[in-house]
Structures are given as C-alpha cells and as structure tokens.
Colleague: 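A single structure is presented below for examination.
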Amino acid sequence: MALTLHDTLTRESHPIQPLDGKTLRFYCCGPTVYGPAHIGNFRTFVAQDVFRRVLEMGGLPTLHVRNLTDVDDKTIRDSQKAGQSLTDFTRFWTEKFHADCAALNLLPPHVEPSAVEHIPHQIRMIETLIQRGHAYAAPDGSVYFKVSSYADYGRLSHLEDRELKLGASTSAGAMDSDEYTKDSLADFALWKARRAEDGPNYWPSPWGEGRPGWHLECSAMALEYLGEEFDVHSGGIDLIFPHHENEIAQSCCSTHGKFAHHWFHVTHLMVDGGKMSKSLGNLYTIEDLQKRGYHPSEVRYVLISGHYSAPLSFTVHSLDSARQALQKLAKFDKALQDRGCPAVPARADLAPGPFTDAWETLNHDLNVPGALGAIFGTINKTKPATISADEAIAAHRGLHFMLEAIGVKLPPLIEEGSVEVPADIAELAEKRWQAKQSKDWAASDALRKELEALGWIIKDSKEGYTVIPK
RNA sequence: GGCGAGGUAGCAAAGUGGUAAUGCACUGGUCUGCAAAACCGGUAUGCGCGGGUUCAAUUCCCGCCCUCGCCUCCA
C-alpha cells in the first residue's frame, strides 16, 4: 500500500515512491538551538516522524536528514548574552532538544548535520552561485542571491512580483541595516559580513570574514547527504516563504538537479485562537507541561490528533482527554495480554489484521485522526474475552502495528499503582474502609464524597480497595 | 492588497453525491449496600450564511460572513 501525500508545489496528492527505487530520502528543517523548542515546533517534528514511521511500517526504508541550526543571528546573540561560547551554548540546547525528542518518542534522524560544521560546503555553494551569475558580493563583504536571475522564483509560495508588494507587510525586517547593500530588496543573504556584535563568531571566506546566511545551510547539507535531487522536503508551513523558496533557488542554481520533488508542510498548532509564539507569550514547552503533571506521550497524542494540514487547537484540557484515550488503548492491550498475548509482540509479527481499515486511512495523506477513529472503532467491536485465541493474537499484532506506525507508546494503567497516594488521602480512605466494614453506609458515603472532592476515587473489591486519582 | 488554511455535537476532530467516524465530557440501564471498573444504550433531522446544479448536497458550483497563517530570516 503506497502512502499518498499532498504536495505543496503541485497542490495535489501524489503516491510516495522513492526516486531511486529503494530508499525514500527526505530532509526536514530542524530547530534553531537557542532555547527550548515549544510544542508548536514539535507538532511539525512529530508529523514528520509519523510520515517516516508509516513509510517504514509499509516496508519502505528511509533516509531521514534533519539539520541543527547552530549559527545564526539568534544563536550568536543569545550565546553572547549568556556569556558562553557559541559551541557550548548550542550544545546545551541541542541536548535539551534531543531529550524532548526522545520523550516524545521521535525516531532520531539518520543524519543530523550541524550548520556550523558545514561552512566549507556552504562557501563552495556560494562560489558556484557567483560563477554562474546568480549571486554577487556587496562592498561590505556580504554575498547576496540575485533573485531576478532565477525565473522560477516564487513557484512554491506563489508569491511573485514581490517588490511591488513590499510595504504591505508590517515586518520591520526589510529595513534592517543588513539589507542596505543589496541590489534589490528581494535578494537574500548567502553570506553575512562580520559585524562587531558577532564577537568571536566569524569565519574566513573569499569575501572576507563573516558567517553563512540561514537559508543556505539546508541547501548545502541536503546536497551533501541526499544529493542534487531527493524525494521529500518538509517543514512548518511558515517556512514556505521565504526559506524554502530560497532553498530551491540556491540549490537549483548551484547544481544540475531539481532539488526536492515533493514538499510536505505542516500547519501550525493554535493556542488561544492563534499561532503559538514566543512574542505572544502563549508558548508551552514539554517541560512546562511536565511540571503540570502531564507526560510527553500525552502531548504527542494531542499533537497527532488533528490532520497535519489543518490548524489544531491546543488546550491544556486536551491533555486530559489524551490521557483517557491512551488509557483506553492500554486497557484493550491488557485485555489481550490476559488472553495470552505477549507484552510486546515481535516486530516481525506485526501486521494490520483487523486494523486494516485504520492502516488504509493512515496511508491516505497521513490521516492520523481518521486512523485513530478507525482504531477505536475496531477496539469497540472486538471483545477480548469472547474472541478466539487466534483472533486475539491478530488483534494484538494489529494494534501494535498501528501504534508503531503513529509512534504511540502505551502508558501504564492508572489502576496499577502507578500513582502515589498522599498520606492524608490514604488515611481518609482507610477510615472509609473501616466504616464500610462496620456497614456504616452513611459515614462510608460521606467519606467517599469527601475523597472525591479532593480528586480521588475509591475502587472497592472483595478483598479490599484501591485509591486512584479522579 | 496578494497567496494559503479553516468554519461539523459541550470540547477536540474525521468523513462522504445517497442521508453524519472517533476520543473526551455528559447521560440511561445492568452490576454494586452506594460507588468504581466492565458491558449494553443515548446525546448534531444537522455539518458558517444565502442561492444554484441534482432524483439526492454537509459533500459540487456561485456569492457572502467569520477565524487563522504567510507576504524576508518564525515549525
């Protein structure tokens, strides 16, 4: 079964088939490591992770490249502010990013190149662009890409004649002092001349000391690890313009290839009805949510619960909903284990089985929410206690096939003593048990209500009771 | 102004030219001293608004309203 995926460039869905017939090669724009990534950033990385998992579960090997932007205005500025070397500063945030990725059950990319370690590659690309007449050095030592030299500029974003529209934007960027030496406002920097405020962060180049522009690193590293043409390029929807447009221009003008054949863009996570952003202060990190008692697996579940192409409304409450949904999955798994299924089925045994409709839905433009609906549909009509042993095994393997495809790890069941009960709650619960034993129903019920008001539920059995959070 | 996405039950969110998945929440029943869990059932005559095409539209077409994103370095 081939995955079909919408392509930003053609605005149509296409089956995903590897250009080389063997391995699906794709590039994802990675994080700028100058602070903690927020869950909006992670929506994109999670969607890319699902993309990769679906291909691999479908039997297609992948080559996944995702860069680290560890040299740019923000990393340089904030490392200096922190009094650290750029290397130490970006290493710290890279490690934090990796920890968050692991917590979210993201598969590590096969290659994770660092921009600062590929400056020679970027310089080589600039030299080629200058030789071919697509770039020029300005008097101050910066180098710019000449947008007018590339006829197809704007094809991805459908933004053309951009200069005519300048002024419509409220951004102050265009007036930045950086931009003074450009021939045209549309031109963008390939190499930025050293500035005093960059401190020790500059590198030698044929045009003087400086550092690479942001857009260039992705073109250079994609070329290095994926070649002149590769299958899919992905990122957040806001990168379409100018970042991806610029990448296309740089790559197509410096090589003989067509660069990425398919563009996969993920729409933003919405919070408070708008885009989550640092400047608006409505930004959540994984750590923020962990402090509020949520597990990253619950965050992942929320992030995949909307289709990647549509805005997804995030609320803290949605994490509670995710927790219950995950419990439902875990309970189904437990019921199948009670029928003799292994805790973790062998990967080689995984097959969609009774979850085939969910698998088909997932392969239709990565429809995770639709697939989740189909998964629960199958669960609701599959009664572990009454089906045959073979059916139980098939259901178990199918469930785990789907969980692997969407990257969901089952949580421990809440009833299994995974939550610590505070001493005062335990004491109240014991008092209620005593009241119940002496058949003092009034006192027993009063204590139950009291505990419930405190957020705890008593679950009685013949031998005793357990206390679980509400 | 240009380009793009979206408006489906309390919340979230799929979907389709043939009469609305799923999760959470809520709720009725069985069970239980009462609960919980489990199981059985219920909860949008309706899919932003107004027209049109059609035997049939939430799904196609036209117009309109609203929300959101991008328009130079934001996933």
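Every chain is numbered from 1, with letters handed out A, B, ... down the list of sequences.
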Colleague: Base, sugar-phosphate or nothing for A/I458? Non-hydrogen atoms, less than 4.0 Å.
Modeller: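 Since a base atom lies under 4.0 Å of A/I458, the category is base.
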Colleague: Okay, side chain of A/K182, backbone of A/D187: is any donor-acceptor separation there less than 3.5 Å?
Modeller: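 Present.
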Colleague: Choose from B/rA12, B/rC3, B/rG6 the nucleotide whose nearest atom is closest to any side-chain atom of A/H158.
Modeller: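 Nearest to the side-chain atoms of A/H158, counting from C-beta on, is B/rC3.
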Colleague: Name the pairing partner of B/rA21, where a pair is Watson-Crick or G-U wobble with both distances under 3.5 Å, or state none.
Modeller: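 Its partner: none found.
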Colleague: So what does A/P369 touch, heavy atoms closer than 4.0 Å: a base, only the sugar-phosphate, or nothing?
Modeller: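 A/P369: base contact, heavy atoms under 4.0 Å.
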Colleague: Please name the nucleotide paired to B/rA38 by Watson-Crick or G-U wobble geometry with both distances under 3.5 Å, or report none.
Modeller: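 Paired with B/rU30.
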Colleague: Whether A/D445 and A/K436 form a salt bridge (side-chain N of Lys/Arg under 4.0 Å from carboxylate O of Asp/Glu) is what I want to check.
Modeller: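 No, no charged N to carboxylate O under 4.0 Å.
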Colleague: Assign each of A/P31 and A/S309 to its nearest nucleotide of RNA chain B by heavy atoms, then name whichever residue's nucleotide is nearer the 5' end.
Modeller: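 Result: A/S309.
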Colleague: If pairing requires Watson-Crick or G-U wobble contacts with both distances under 3.5 Å, which nucleotide is the partner of B/rC3?
Modeller: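 Pair assignment: B/rC3 / B/rG69.
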Colleague: Using a 4.0 Å heavy-atom cut-off, does A/D72 contact any base of the nucleic acid, only the sugar-phosphate backbone, or nothing at all?
Modeller: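 Since no nucleic acid heavy atom lies under 4.0 Å of A/D72, the category is nothing.
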Colleague: Between A/R52 and A/H110, is any side-chain donor less than 3.5 angstrom from a side-chain acceptor?
Modeller: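 A/H110 and A/R52 do have a side-chain donor-acceptor pair below 3.5 Å.
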Colleague: For A/H118, does its backbone N or O pair with a side-chain atom of A/Q122 as donor and acceptor, under 3.5 Å?
Modeller: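 Side chain of A/Q122 to backbone of A/H118, a donor-acceptor pair under 3.5 Å: yes, one is there.
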Colleague: How is A/G40 classified with respect to the nucleic acid when contacts are heavy atoms under 4.0 Å: base, sugar-phosphate, or nothing?
Modeller: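 Base, at least one base heavy atom under 4.0 Å.
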Colleague: With no hydrogens and no angle check, is any side-chain donor or acceptor of A/T44 less than 3.5 Å from a backbone partner on A/G235?
Modeller: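 Checking the backbone N and O of A/G235 against the side chain of A/T44, no donor-acceptor pair under 3.5 Å is found.
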Colleague: Whether the A/E112 and A/H98 side chains hold a donor-acceptor pair (N or O, under 3.5 Å, no angle test) is what I'd like checked.
Modeller: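 A/E112 vs A/H98: donor-acceptor pair found between side chains.
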Colleague: Between B/rC40 and A/K383, is there an OP1 or OP2 to side-chain N/O distance shorter than 4.0 Å?
Modeller: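 For B/rC40, OP1/OP2 do have a side-chain N/O of A/K383 under 4.0 Å.
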Colleague: Decide yes or no on side-chain hydrogen bond (donor to acceptor under 3.5 Å, both in side chains) for A/H265 and A/T8, but give the supporting numbers first.
Modeller: CA-CA 7 Å; A/H265 288 105; A/T8 311; 2.7 Å; yes
Colleague: Quick check on B/rC73: is either OP1 or OP2 less than 4.0 Å from any side-chain nitrogen or oxygen of A/N246?
Modeller: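 Looking at the OP1 and OP2 atoms of B/rC73, neither is under 4.0 Å from any side-chain N or O of A/N246.
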Colleague: With the threshold set at 4.0 Å, does a side-chain nitrogen-carboxylate oxygen contact exist between A/R211 and A/D72?
Modeller: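 A/D72 and A/R211: not salt-bridged.
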Colleague: From CZ of A/F314 over to P of B/rC24, roughly how many Å is that when rounded to an integer?
Modeller: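 So the two atoms are 18 Å apart, to the nearest Å.
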Colleague: Regarding A/L269, tell me which of base, sugar-phosphate or nothing describes its non-hydrogen contacts under 4.0 Å with the strands shown.
Modeller: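 The answer is base, as A/L269 lies within the cut-off (heavy atoms under 4.0 Å) of a base atom.
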Colleague: So what does A/T315 touch, heavy atoms closer than 4.0 Å: a base, only the sugar-phosphate, or nothing?
Modeller: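 No contact.
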Colleague: So for atom CD, which belongs to A/E430, do other residues, nucleotides or ligands contribute more than 12 heavy atoms lying within a distance under 6.0 Å?
Modeller: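 Counting other residues, nucleotides and ligands, CD of A/E430 exceeds 12 neighbours.
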Colleague: What does A/H268 touch in the nucleic acid at a heavy-atom separation under 4.0 angstrom: a base, only the sugar-phosphate, or nothing?
Modeller: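 It contacts base atoms.
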Colleague: Hey, does A/S318 reach any base, or is it just sugar-phosphate, or nothing, if we go heavy atoms under 4.0 Å?
Modeller: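 No contact.
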Colleague: Taking only the C1' atom of each, what is the distance from B/rA9 to B/rA21 in whole angstrom?
Modeller: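 That atom pair is separated by 13 Å.
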Colleague: A/R11 side chain: which of B/rA36, B/rU72, B/rC3 is closest?
Modeller: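 Minimum distance to the A/R11 side chain belongs to B/rC3.
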Colleague: If we take the C1' atom in both B/rG15 and B/rG46, what is their distance in whole Å?
Modeller: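 Pairwise C1' distance, B/rG15 against B/rG46, rounds to 15 Å.
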Colleague: Side-chain N or O of A/K439 less than 4.0 angstrom from OP1 or OP2 on B/rG33?
Modeller: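 Answer no for this pair, as no side-chain N or O of A/K439 is under 4.0 Å from OP1 or OP2.
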Colleague: Could you work out the separation of B/rC64 and B/rU22 based on their P atoms and round it to a whole Å?
Modeller: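 Comparing P positions in B/rC64 and B/rU22 gives a spacing of 37 Å.
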Colleague: Check every atom of B/rC3, B/rA5, B/rG33 against the side chain of A/P311 and return the nucleotide holding the closest atom.
Modeller: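 Among B/rC3, B/rA5, B/rG33, the one nearest the side chain of A/P311 is B/rA5.
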Colleague: Using the C1' atoms only, state how far B/rC49 lies from B/rG6, rounded to an integer number of Å.
Modeller: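 Taking atom C1' in both B/rG6 and B/rC49, they lie 16 Å apart.
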Colleague: In the strands shown, is B/rA14 matched to any nucleotide by a Watson-Crick or G-U wobble pair with both distances under 3.5 Å, and which?
Modeller: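 B/rA14 is paired with nothing.
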Colleague: Just call it for A/N380: base, sugar-phosphate, or nothing, with non-hydrogen atoms closer than 4.0 Å on any strand.
Modeller: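 Sugar-phosphate, no base atom in range.
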Colleague: At 4.0 Å (heavy atoms only), tell me whether A/G213 reaches a base, stays on the sugar-phosphate, or touches nothing.
Modeller: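 No contact.
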Colleague: Considering only atom C1', compute the distance from B/rC73 to B/rA25 and round it to an integer number of Å.
Modeller: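 Going atom to atom, C1' in each nucleotide, I get 43 Å.
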Colleague: Mind checking who B/rU45 pairs with, Watson-Crick or G-U wobble, both distances under 3.5 Å?
Modeller: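 Base partner found: none.
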Colleague: Which nucleotide, B/rG23, B/rU72, B/rC24, lies nearest any side-chain atom of A/A325?
Modeller: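 The closest nucleotide is B/rG23.
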Colleague: How would you label the contact of A/H265 with the nucleic acid (heavy atoms, under 4.0 Å): base, sugar-phosphate, or nothing?
Modeller: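 A/H265: no heavy atom of the nucleic acid under 4.0 Å.
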Colleague: If we take the P atom in both B/rA5 and B/rG63, what is their distance in whole Å?
Modeller: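 One P to the other, the span is 16 Å.
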Colleague: Describe the nucleic acid contact of A/R66 in one word from base, sugar-phosphate, nothing, applying a heavy-atom distance below 4.0 Å.
Modeller: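 Nothing, no heavy atom under 4.0 Å.
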Colleague: Counting side-chain heavy atoms from CB outward, which of B/rA14, B/rC34, B/rA13 is closest to A/N367?
Modeller: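 My answer, after comparing the listed nucleotides, is B/rA14.
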Colleague: Separation of A/F376 atom CZ from B/rA14 atom P, in whole Å?
Modeller: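 The distance from CZ of A/F376 to P of B/rA14 comes to 15 Å, rounded to the nearest Å.
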Colleague: Which part of the nucleic acid, if any, lies within contact of A/K436, taking any heavy atom under 4.0 Å across all strands shown: a base, the sugar-phosphate backbone alone, or nothing?
Modeller: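 Here A/K436 touches the bases of the nucleic acid.
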Colleague: Could you work out which one of B/rC73, B/rG15, B/rG69 sits closest to the side chain of A/K192?
Modeller: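 Nearest listed nucleotide: B/rC73.
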Colleague: Would you say the base of B/rG33 stacks on A/W441 (centre-to-centre below 5.5 Å, plane angle below 30°)?
Modeller: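 A stacking contact exists, since A/W441 sits close and nearly parallel to the base ring of B/rG33.
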Colleague: Respond yes when some side-chain nitrogen or oxygen of A/K331 is under 4.0 Å from OP1 or OP2 of B/rA38, and no when none is.
Modeller: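 Answer yes for this pair, as a side-chain N or O of A/K331 is under 4.0 Å from OP1 or OP2.
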Colleague: Between A/N41 and A/L312, which has a closest nucleotide on RNA chain B that is more 5'?
Modeller: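 Mapping each residue to its closest nucleotide by heavy atoms, the 5'-most match is A/L312.
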Colleague: Who is the Watson-Crick or G-U wobble partner of B/rA56, with both distances under 3.5 Å?
Modeller: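 Paired with no nucleotide.
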Colleague: What distance, rounded to whole Å, do you find between the two P atoms, one in B/rU27 and one in B/rA35?
Modeller: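 Here B/rU27 and B/rA35 have their P atoms 13 Å from each other.
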Colleague: Taking atom C1' in both B/rG69 and B/rC11, compute the distance separating them and give it to the nearest angstrom.
Modeller: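 Each nucleotide's C1' atom is 23 Å from the other's.
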Colleague: Below 4.0 angstrom from OP1 or OP2 of B/rG23, is there any side-chain N or O of A/R323?
Modeller: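 For A/R323, the contact criterion (side-chain N or O under 4.0 Å from OP1 or OP2 of B/rG23) is not met.
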